[in-house]
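What follows is a set of notes on a single structure, which appears directly below.
We count residues from 1, following the sequence as given. Worth saying up front: this structure is predicted, and the values here are computed from it rather than measured.
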Amino acid sequence: MKKKEQGRVTSIKVKLLGIILPVVIIIMVVLVGISYLISKRIITGYSQDLLRSSIENQANQIEAWMNENLSAFQMVKHIIEETSPDQARLQGILNSSCGFHDNYPQGMYIADEYGKLLKAAASVKTEPDPRASEWYKSGLTRWNMGFTKAYRNETDQAVISASGILDDKTGVMKVISADLTLERISIIVNSFIEMDQARAFLVDSTDGTILAHQDQELIFQNLSGSGDKFLEDIGGKIEASDFTMMEIDENMTAFQQIQGMDWILVSYIPTNIIYADLNQVRLVMMLIGLISVLLLAVLVERVVHFVIRPVKKLTKAITAMTDGDFTIEVSTKNRDEIGVMSRYVERFIVSMRQMIQAIHDVSDKLKVQADNSDEVSEQMYDASKLQGRSMRELNQTVEQLSISVNEIADHATTLAMVVSETKENGNAVNDKMQETVTVSKRGKEDIQRVSEAMEDIHASMQKLQEAIDKVGKTSGEISNIAGMIGDIADQTNLLSLNASIEAARAGDAGRGFAVVATEIGQLASTSANAVHDIENLSGEINSLVKDTVKQTGESVDSINRSGSLVGDVLKTFDAIFDNIEKVNQLVQEMIQKVDQVDGVATNAAAISQEQAASSEEILSASETMVEQVDHITGNSEQVSEGAKELKVSAEELYGQVAKFKIREEEVQ
């Protein structure tokens with residue numbers, strides 16, 4: 001059982017490492033997590049600022065590009081309106097605009113209210129009825145040049161046009177316009193991106209049409225019908241006029257409205273690109289944290305090892321004391337709580353050694369006295385049995401004597417009645433009287449032996465009573481020693497309680513002290529239980545001693561009464577013997593003086609009656625003595641049983657004390 005309990009013991013080192021290391025690991029994980037979140041927040045803020053700065057600059061560049069083109073168109077329009085050129089000169093101006101800039105390679109063109117289209121000679125633009133075109137309708141709404149919505153021209157090319165009313169002083173309503181392809185706008189939009197690996201596209205906020213995109217297939221498509229979830233989510237944000245920067249479908253997305261246009265510039269960058277370096281930093285931090293945890297684990301293990309090494313020694317000592325081994329030595333040079341506890345444990349071991357040695361000495365004395373009591377009780381029991389046998393033999397002799405006396409009385413009466421026939425019977429009576437004398441002498445000797453045996457029993461009972469008194473005194477000493485052990489156990493329990501309180505104040509660092517305090521408490525409990533067992537045994541011994549003393553007193557009284565009765569019987573036997581001697585003399589005289597037999601027979605009859613009565617009294621006294629002897633034998637047997645129980649209790653006490661070791665070899 002003890003081996004199983006020891007197998008379930010978990011060392012303080014394992015507990016401390018089991019507590020400290022998880023806490024350190026959690027702290028490191030939390031620190032890495034917090035650092036990651038802070039770094040992510042910083043990088044996110046930096047990326048948002050960079051993306052915001054990039055999209056603002058990009059929007060400014062696009063606005064500048066659009067305004068530049070619009071200014072160029074406006075300047076041509078202004079020149080025409082100021083100079084009011086003729087047809088040939090106007091054609092020359094249009095011819096010079098064709099191929100002038102890559103942004104509008106077809107140059108500028110003019111349509112009048114009659115549907116006539118005037119364009120550069122090198123331009124390939126053809127329209128059956130310009131008045132039905134988007135650029136013409138939009139141009140009629142403003143004097144200054146402005147951009148139209150995106151549309152597809154007659155060649156199915158996605159374009160936007162800058163158009164406005166041309167007042168050339170001819171009186172004919174004319175609209176001047178120039179086309180910008182959305183492919184060209186896409187090139188311009190993507191060329192102004194400043195943030196590395198960022199992307200941008202341009203959207204018409206009025207209908208969600210994509211005006212510029214890196215993917216040429218998406219140009220002029222609607223965001224909601226693009227089939228791309230990211231573009232559809234962007235369309236939902238634009239439709240809701242929510243232009244705040246946010247993360248959409250794992251893309252950090254920024255919105256910027258182009259001034260003077262219904263255009264929204266959308267710039268985005270995948271978050272995995274933003275956090276790529278951050279993830280690498282997180283991996284490095286985790287690696288550093290793991291190395292730090294390993295180094296800290298080794299450091300903590302070494303520190304814990306040196307701190308709890310005295311606790312291990314103290315725990316080993318307390319475990320040995322729990323098993324009854326007080327030969328161990330506890331010494332420490334520490335001046336901390338463990339050192340104080342070790343010194344008190346050392347004092348406790350010294351006290352326990354002295355106490356156990358004292359108990360052992362007392363148990364030795366008790367064992368010797370118990371053996372002596374057992375021997376005396378055996379002797380007394382044997383003497384009482386011998387006395388019983390003698391008294392039974394005496395009873396039988398007295399019974400035979402009573403019968404003989406009754407027969408003598410009968411013969412004496414018969415002799416008085418038939419004197420003439422008594423001579424021969426007188427001879428027989430003489431023989432019987434001789435036998436009676438012999439029996440009386442033997443009875444007297446038996447009674448004397450009974451008297452001597454009673455005196456021996458009385459002396460043995462006196463010795464037994466003295467031995468039992470000594471046992472009672474020794475039992476009292478055991479009770480005092482048990483009380484002293486109980487006081488020491490209470491002090492030890494108080495010390496354990498104080499150590500537990502100090503350990504609780506010390507927190508996690510005091511868990512080792514708490515284990516030691518618990519072991520001391522268990523030792524105190526074991527000592528208290530042993531004291532309780534000793535007190536129980538002492539109580540049983542006291543009870544047995546009291547019963548023995550009582551039974552011994554009763555036996556002494558019975559023996560004294562039996563001695564008195566034996567003395568009375570002895571006196572009675574002396575009287576009987578004297579009477580028998582007298583009867584013998586009378587018989588002799590009767591034989592010699594047959595002639596005087598009447599008077600003598602009368603006297604003999606009276607004497608025979610008295611002898612019969614005396615023999616009855618002797619028989620009754622003998623039966624009483626037999627009963628007394630039987631009672632004494634029963635008491636002697638009880639005393640013997642009590643002595644045996646006392647011997648068993650003394651051996652049990654000796655065995656309990658022998659469990660403790662106070663020297664290298666167990667005390668014998």
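- In this structure, Ile79 and Met75 have side chains that are in contact, with non-hydrogen atoms separated by less than 4.5 Å.
- Checked by atom type and distance alone, the side chain of Ser123 never pairs as donor or acceptor with a backbone atom of Lys119 at under 3.5 Å.
- Counting heavy-atom neighbours within 6.0 Å of Met173 CE, excluding the residue itself, gives a total of 12 or less.
- Under a 3.5 Å cut-off, the side chain of Ser53 and the backbone N or O of Asp49 do not form any donor-acceptor pair.
- Distance check, rounded to the nearest 0.5 Å: CG of Asp233 to CG of Asp249 gives 4.5 Å.
- Contact of the Leu299 side chain with the Leu295 side chain is not registered, since no non-hydrogen atoms from C-beta on lie closer than 4.5 Å.
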Test log, rule side-chain contact (heavy atoms from CB on, under 4.5 Å), inputs Leu211 and Phe220: CA-CA 6 Å; Leu211 302 178; Phe220 205 68; 5.7 Å; no
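- Screening residues 211-220 for side-chain hydrogen bond (donor to acceptor under 3.5 Å, both in side chains), with sequence neighbours left out, gives no hits.
- Using modelled atom types, one finds a donor on one side chain and an acceptor on the other under 3.5 Å when comparing Thr155 with Asn153.
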Evaluation steps, side-chain contact (heavy atoms from CB on, under 4.5 Å), between Met108 and Ile176: CA-CA 7 Å; Met108 302 187 69; Ile176 185 170; 3.4 Å; yes
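- The local environment of CE in Met286 is sparse, with at most 12 non-hydrogen atoms from other residues, nucleotides or ligands closer than 6.0 Å.
- If you check the side chains of Glu232 and Ser224, you find no donor sitting under 3.5 Å from an acceptor.
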Check against side-chain contact (heavy atoms from CB on, under 4.5 Å), Asn103 and Trp65: CA-CA 10 Å; Asn103 293 335; Trp65 180 80; 3.0 Å; yes
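- Residues satisfying the salt bridge (Lys or Arg N to Asp or Glu O under 4.0 Å) criterion with Asp167, sequence neighbours excluded, are absent altogether.
- Here the side chain of Asn222 pairs a donor or acceptor atom with the backbone of Asp207 at under 3.5 angstrom.
- Of the possible polar contacts, one joining the Asp112 side chain to the Gly115 backbone as a donor-acceptor pair under 3.5 Å is found.
- Checked against a 6.0 Å centroid threshold, the rings of Tyr151 and Trp135 do not count as neighbours.
- Residues Phe201 and Val189 have side chains not in contact (no heavy-atom distance under 4.5 Å, counting atoms from C-beta outward).
- In this structure, the side chains of Ile160 and Lys149 stay at 4.5 Å or more apart for every pair of heavy atoms.
- Although no hydrogens or angles enter the test, the distance criterion places a donor-acceptor pair under 3.5 Å between the side chain of Ser186 and the main chain of Leu182.
- Counting only distance, with no hydrogens or angles, the side chain of Gln256 and the backbone of Ile55 share no donor-acceptor pair below 3.5 Å.
- For the pair Leu180/Val159, no side-chain contact is recorded, criterion being any heavy-atom separation below 4.5 Å from C-beta on.
- In this structure the side chain of Ile248 reaches within 4.5 angstrom of the side chain of Phe230, judged on heavy atoms.
- Annotation: salt bridge (Lys or Arg N to Asp or Glu O under 4.0 Å) contacts of Glu113 (sequence neighbours excluded): none.
- Interatomic distance, Lys77 NZ to Leu70 CG, rounded to the nearest 0.5 Å: 10.5 Å.
- Between the side chain of Thr253 and the main chain of Asn251, a donor-acceptor pair closer than 3.5 Å is present.
- Contact annotation: the side chain of Gln221 never approaches that of Thr209 to less than 4.5 Å [non-hydrogen atoms, C-beta and beyond].
- Other residues, nucleotides and ligands place more than 12 heavy atoms under 6.0 Å from the CZ atom of Phe243.
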Derivation of the side-chain contact (heavy atoms from CB on, under 4.5 Å) call for Val175 and Leu166: CA-CA 5 Å; Val175 174; Leu166 179 63; over 6 Å; no
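- Between Glu81 and Lys169, no side-chain nitrogen of the basic residue sits less than 4.0 Å from a carboxylate oxygen of the acidic one, so the salt-bridge criterion is not met.
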Taking distance alone, no hydrogens or angles, what donor-acceptor pairs closer than 3.5 Å link side-chain atoms of residues 259-273 to residues at least two apart or in another chain?
from, atom 1, to, atom 2, distance (Å)
Ser267, OG, Arg199, O, 3.3
Thr271, OG1, Glu250, O, 3.2

Could you pull out every donor-acceptor pair under 3.5 Å between side chains of residues 17-27 and any protein atom, sequence neighbours left out?
none

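- The side-chain hydrogen bond (donor to acceptor under 3.5 Å, both in side chains) pairs that include a residue from residues 85-95 are Gln91-Asn95, where partners are two or more places apart or lie in different chains.
- Of the possible donor and acceptor atoms, none in the side chain of Lys125 sits under 3.5 Å from a partner among the backbone N and O of Ala120.
- Without hydrogens or angle criteria, Asp204 side chain to Gly208 main chain gives no donor-acceptor distance under 3.5 Å.
- Annotation: cation-pi geometry not satisfied between Lys237 and Phe255 (NZ/CZ under 6.0 angstrom from ring centroid, within 45° of ring axis).
- In this structure, the separation between CZ on Arg184 and CG on Asp179 is 14.5 Å, given to the nearest 0.5 Å.
- A donor-acceptor pair under 3.5 Å is formed between the side chain of Asp168 and the backbone N or O of Thr170.
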